[in-house]
Amino acid sequence: MIQLSLDGATRGGLKILCLGSHCDDIEIGCGGTILRLAEQYPECTFHWVVFSAEGARATEAQCAAARFTRSAKLSGLVLKTFRDGFLPFEGAQVKTVFEELKNEISPDVIFTHNRKDAHQDHRLVAELTWNTFRNHLILEYEIPKYDGDLGQPTFFVPLESETYQNKVQLIMETFQSQRSKHWFQPETFLSLMRLRGMECNAPTGYAEAFYCRKLIL
């Protein structure tokens, strides 16, 4: 199995766009990969967009974005206040946000939700990602949930021990508002990364996985 890298990115450093419906989606779905990219590509910059972020959750999202990207690499942070669970019913306004993003940035890599995610907010963000960015590398992350919608991703990012442990620690420390939820446990996040690490034969046994629907060699 050969390994691909992102060393052929645009001049001036890798530009990475992270899209999440809710305040902890990006961190849960691709937090380990973000930590790895921030370390592996010192010149990279992150553009971070959360569509449903209000009150205490917005504060958590702002803190998490800074901690995962180590602040200096965070080029743009956008926190919108669309109603949680109602994004499809505010589709025109959400689409407008995407059109604004398209005019502001042409990213090398986009992290977004899976188009087959069971959550309606997640699906809309995924669909508009593909609708808006037509010639970009898009990687769709996965979110474990009660609905049981996990599938068979085909793009894997192995993680060092320090990286996946740091991901979980940052999530648990930052999103205090979610600590009362029964699924919001370190074991939830570690178990999925362990499964994906097994599937890709990661040296540490841990990895994050993505759906990559178009990739040009």
Side-chain angles (χ1 to χ4, degrees), residues 16-38 46-71 73-74 76-88 94 97 110-126 128-129 139-150 153 157 159 163-196 206-211:
I16 302 167
L17 175 60
C18 303
L19 302 170
S21 297
H22 312 106
C23 293
D24 51 7
D25 288 340
I26 297 171
E27 296 82 355
I28 292 173
C30 58
T33 300
I34 290 171
L35 290 170
R36 175 176 168 176
L37 290 174
F46 292 89
H47 298 259
W48 200 281
V49 183
V50 179
F51 288 88
S52 181
E54 294 187 277
R57 298 223 65 195
T59 303
E60 291 176 344
Q62 185 174 10
C63 177
R67 297 185 73 181
F68 271 85
T69 62
R70 299 168 188 177
S71 290
K73 302 180 188 301
L74 186 59
L77 174 62
V78 178
L79 301 178
K80 295 297 182 179
T81 57
F82 293 109
R83 187 178 175 186
D84 182 5
F86 286 77
L87 259 64
V94 177
V97 176
I110 302 173
F111 292 104
T112 191
H113 290 281
N114 175 20
R115 282 191 290 179
K116 294 185 178 180
D117 195 297
H119 195 298
Q120 65 274 13
D121 290 353
H122 297 183
R123 287 197 306 274
L124 179 68
V125 170
L128 289 178
T129 302
L139 299 177
E140 302 174 14
Y141 55 78
E142 53 184 352
I143 304 288
K145 62 178 71 66
Y146 175 82
D147 306 84
D149 58 0
L150 295 177
V157 179
L159 301 175
T163 304
Y164 70 75
Q165 291 171 4
N166 192 20
K167 167 189 172 174
V168 175
Q169 181 179 351
L170 289 176
I171 289 174
M172 299 305 298
E173 289 178 355
T174 307
F175 296 103
Q176 293 292 323
S177 65
Q178 305 302 294
R179 295 294 291 268
S180 62
K181 295 184 176 180
H182 69 89
W183 59 268
F184 199 87
Q185 300 291 334
E187 293 79 7
T188 303
F189 311 125
L190 288 168
S191 61
L192 181 56
M193 288 190 289
R194 179 67 185 96
L195 176 64
R196 299 316 186 196
Y206 287 80
E208 288 180 337
F210 304 86
Y211 297 86

CG of N166 to CG of L35, rounded to nearest 0.5 Å, is 5.5 Å
With a 4.5 Å cut-off on side-chain heavy atoms, are L17 and W48 touching? no
>> Counting only heavy atoms from other residues, nucleotides and ligands, does the tally under 6.0 Å from CZ of R83 exceed 12?
In response: no
Check: Is it true that E208 and K167 have a side-chain N and a carboxylate O under 4.0 angstrom from each other?
Finding: yes
Worksheet item: Above 12 or not: heavy atoms from other molecules or residues under 6.0 Å from CD of Q62?
Response: no
Show your working on side chain to side chain contact (heavy atoms under 4.5 Å, CB included) between D24 and I171 and close with a plain yes or no. CA-CA 8 Å; D24 51 7; I171 289 174; 5.7 Å; no
Are H22 and H122 close enough that their ring centers fall under 6.0 Å? yes
Of V49, T112, N114, the one forming a side-chain contact (heavy atoms from CB on, under 4.5 Å) with V125 is T112
Closest non-hydrogen contact found for D121 with L87 is OD1-N, 3.1 Å
Between the CZ atom in R57 and the CD atom in Q176, the distance rounded to the nearest 0.5 Å is 12.0 Å
| query | Under the side chain to side chain contact (heavy atoms under 4.5 Å, CB included) criterion, do K80 and V50 qualify, and how do the steps go? | reply | CA-CA 6 Å; K80 295 297 182 179; V50 179; over 6 Å; no
Ion pair check, E140 and R115, cut-off under 4.0 Å: yes
Check: H47 side chain, L77 main-chain N or O, donor-acceptor pair, under 3.5 Å: no
In short, A118 meets D149 closest at the heavy-atom pair N-OD2, 2.8 Å
On a heavy-atom basis, the closest approach of S52 and C23 is O-SG, 3.5 Å
Note: A58 and L79 closest approach over all heavy atoms is O-CD1, 3.6 Å
d(R67 CZ, E173 CD) to nearest 0.5 Å is 4.5 Å
Heavy-atom distance under 4.5 Å between the side chains of V157 and R196, does that happen here? no
Ring pair (Phe, Tyr, Trp, His ring centres under 6.0 Å) filter on F210, not counting sequence neighbours, yields F111
Scanning both residues in full, the closest heavy-atom pair of F189 with M172 reads CE1-SD, 3.9 Å
* **is_close_aromatic(F68, F46), centroid dist under 6.0 Å** => no
| T163 side-chain N/O to L159 backbone N/O, donor-acceptor pair under 3.5 Å | no
**OP:** Look at the side chain of E142 and the backbone N and O of L150, then say whether any donor-acceptor pair between them is shorter than 3.5 Å.
**Re:** no
Can you check whether Y141 reaches D25 side chain to side chain, under 4.5 Å on heavy atoms?
yes
- Quick one: does D117's side chain have a donor or acceptor within less than 3.5 Å of a partner on R123's backbone? no
CD1 of I28 to OG1 of T188, rounded to nearest 0.5 Å, is 9.0 Å
Could you walk me through whether T33 and R36 satisfy the side chain to side chain contact (heavy atoms under 4.5 Å, CB included) test, starting with their C-alpha distance in whole Å, then the side-chain angles of each, then the deciding distance to 0.1 Å, before giving a yes or no? CA-CA 5 Å; T33 300; R36 175 176 168 176; 5.6 Å; no
The reported gap from CD1 in I143 to CD1 in I26 (rounded to nearest 0.5 angstrom) is 9.5 Å
Measure from the side-chain N and O atoms of T174 to the backbone N and O of A64, and report whether any donor-acceptor pair falls under 3.5 Å.
-> no
For L128 and V94, the nearest pair of non-hydrogen atoms, with its separation, is CD1-CG1, 3.6 Å
Run the numbers on L170 and F175 for side chain to side chain contact (heavy atoms under 4.5 Å, CB included), then give the verdict. CA-CA 8 Å; L170 289 176; F175 296 103; over 6 Å; no
Separation between CD (E54) and OG1 (T59), nearest 0.5 Å, reads 11.5 Å
*So, H119 versus S21: side-chain donor-acceptor pair below 3.5 Å or not?*
no
